[in-house]
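One structure below.
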Amino acid sequence: MNLNIKATNTTITPAIRDSIETKVSVISTFLRDDDNVYVEIEVDTKHQSGETNRVEIRVNPQGYYAEANGSDLYEALDLAIPKIKEQLVKNKDKRISLRRKLGALFKRSK
């Protein structure tokens with residue numbers, strides 16, 4: 001898994017980088033070694049309700065995407081990780097059930 005972090009209107013501190021790496025490591029079990037994970041963090045200071053933080057996570061080439069907004073960066077990250085993990089788990093379950101169905105059909109045809 002290749003992790004790419006991009007920051008808009010903010011800087012990436014070592015604490016933020018470590019937090020992103022530990023949170024994204026949760027989904028690394030569902031990914032292959034050649035998959036790219038793009039994490040974009042953005043601070044919007046001109047929002048109606050004040051400063052908001054947005055985290056966007058994309059997994060390529062599989063095409064998974066999750067976005068979350070929060071009052072701080074860590075909250076937004078905590079909201080985005082379950083969204084992307086849910087998509088990955090759903091896809092894994094689909095692949096497993098399809099494999100089981102095909103295996104059962106193959107056994108019956110013998």
Side-chain angles (χ1 to χ4, degrees):
M1 172 183 79
N2 300 322
L3 180 63
N4 299 311
I5 302 171
K6 178 185 173 189
T8 306
N9 298 332
T10 187
T11 58
I12 301 174
T13 63
I16 291 173
R17 181 177 294 280
D18 289 341
S19 177
I20 290 172
E21 288 174 354
T22 56
K23 300 283 182 173
V24 171
S25 69
V26 171
I27 64 170
S28 67
T29 58
F30 300 102
L31 302 174
R32 295 183 294 244
D33 291 335
D34 59 340
D35 287 343
N36 294 321
V37 177
Y38 297 97
V39 178
E40 182 178 343
I41 57 175
E42 178 182 8
V43 176
D44 185 13
T45 57
K46 297 179 182 177
H47 195 268
Q48 240 178 346
S49 61
E51 185 177 294
T52 60
N53 294 281
R54 183 178 70 88
V55 172
E56 177 182 304
I57 302 172
R58 287 181 291 130
V59 178
N60 287 340
Q62 297 173 353
Y64 300 110
Y65 174 83
E67 180 179 350
N69 294 316
S71 59
D72 69 344
L73 175 70
Y74 299 105
E75 178 186 2
L77 186 61
D78 288 339
L79 293 172
I81 291 294
K83 290 179 181 180
I84 198 85
K85 185 176 179 184
E86 180 181 345
Q87 293 175 24
L88 292 166
V89 168
K90 184 176 178 181
N91 184 35
K92 180 181 176 186
D93 289 344
K94 277 184 180 179
R95 286 191 324 238
I96 289 173
S97 63
L98 179 64
R99 188 180 313 137
R100 288 179 180 163
K101 281 182 187 178
L102 291 175
L105 288 174
F106 185 69
K107 281 184 179 179
R108 269 192 240 154
S109 65
K110 282 187 174 182

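- Note that the CG atom of Asn91 and the OH atom of Tyr64 stand 3.0 Å from one another [nearest 0.5 Å].
- The shortest side-chain heavy-atom distance between Thr8 and Val43 does not fall under the 4.5 Å cut-off.
- A cation-pi contact, defined as under 6.0 Å to the ring centre and within 45° of the axis, links Arg58 to Tyr38.
- Considering Val39, Val55, Ile81 as possible partners of Ile20, the one that fulfils the side chain to side chain contact (heavy atoms under 4.5 Å, CB included) test is Val39.
- If you take NZ on Lys6 and CD on Glu40, they are separated by 4.5 Å, rounding to the nearest 0.5 Å.
- When all heavy atoms of Ala76 and Ala68 are compared, the pair lying nearest together is O-CB, 3.4 Å.
- Between Arg32 and Asp35 there is a salt bridge, since at least one side-chain N of the basic residue sits less than 4.0 Å from a carboxylate O of the acidic one.
- At least one side-chain heavy atom of Lys85 sits less than 4.5 Å from a side-chain heavy atom of Phe30.
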Report the C-alpha separation of Val37 and Asn4 in whole Å, then their side-chain angles, then the decisive distance to 0.1 Å, and conclude whether the side chain to side chain contact (heavy atoms under 4.5 Å, CB included) test is met.
CA-CA 6 Å; Val37 177; Asn4 299 311; over 6 Å; no
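- Annotation for Glu86: atom CD does not count as buried by contact number, only 12 or fewer foreign heavy atoms lying within 6.0 Å.
- No more than 12 heavy atoms of other residues, nucleotides or ligands sit less than 6.0 Å from atom CG of Asp33.
- Minimum heavy-atom separation, Thr11 to Ile16: O-CD1, 3.9 Å.
- A donor and an acceptor atom, one from each side chain of Asn60 and Asn36, are nowhere located under 3.5 Å apart.
- If you chain together hydrophobic residues whose side chains sit under 4.5 Å apart, Met1 and Leu77 fall into the same group.
- Taking each heavy atom of Asp34 and Asn2 in turn, the nearest pair found is O-ND2, 4.5 Å.
- Glu75 and Asn53 share no donor-acceptor pair across their side chains, judged by distance under 3.5 Å alone.
- Val89 and Ile27 fall within a single hydrophobic cluster, where Ile, Leu, Val, Met, Phe, Trp and Tyr side chains are chained together by heavy-atom contacts under 4.5 Å.
- Rounding to the nearest 0.5 Å places CZ of Arg17 at 12.0 Å from OG of Ser19.
- If you take OH on Tyr74 and NZ on Lys23, they are separated by 10.0 Å, rounding to the nearest 0.5 Å.
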Please test Ile96 against Leu98 for side chain to side chain contact (heavy atoms under 4.5 Å, CB included), starting from the C-alpha separation and ending with a verdict.
CA-CA 5 Å; Ile96 289 173; Leu98 179 64; over 6 Å; no
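- Taken to the nearest 0.5 Å, the CD1 atom of Ile84 stands 6.0 Å off from the CD1 atom of Ile57.
- In the hydrophobic clustering of ILVMFWY residues, with side-chain heavy atoms under 4.5 Å counting as a link, Leu31 and Ile5 come out together.
- One distance of note links CZ of Arg100 with CZ of Arg95; it measures 12.5 Å at 0.5 Å rounding.
- Ion pairing between a basic and an acidic side chain is recognised when a charged N comes within 4.0 Å of a carboxylate O; Asp44 and Arg54 show no such pairing.
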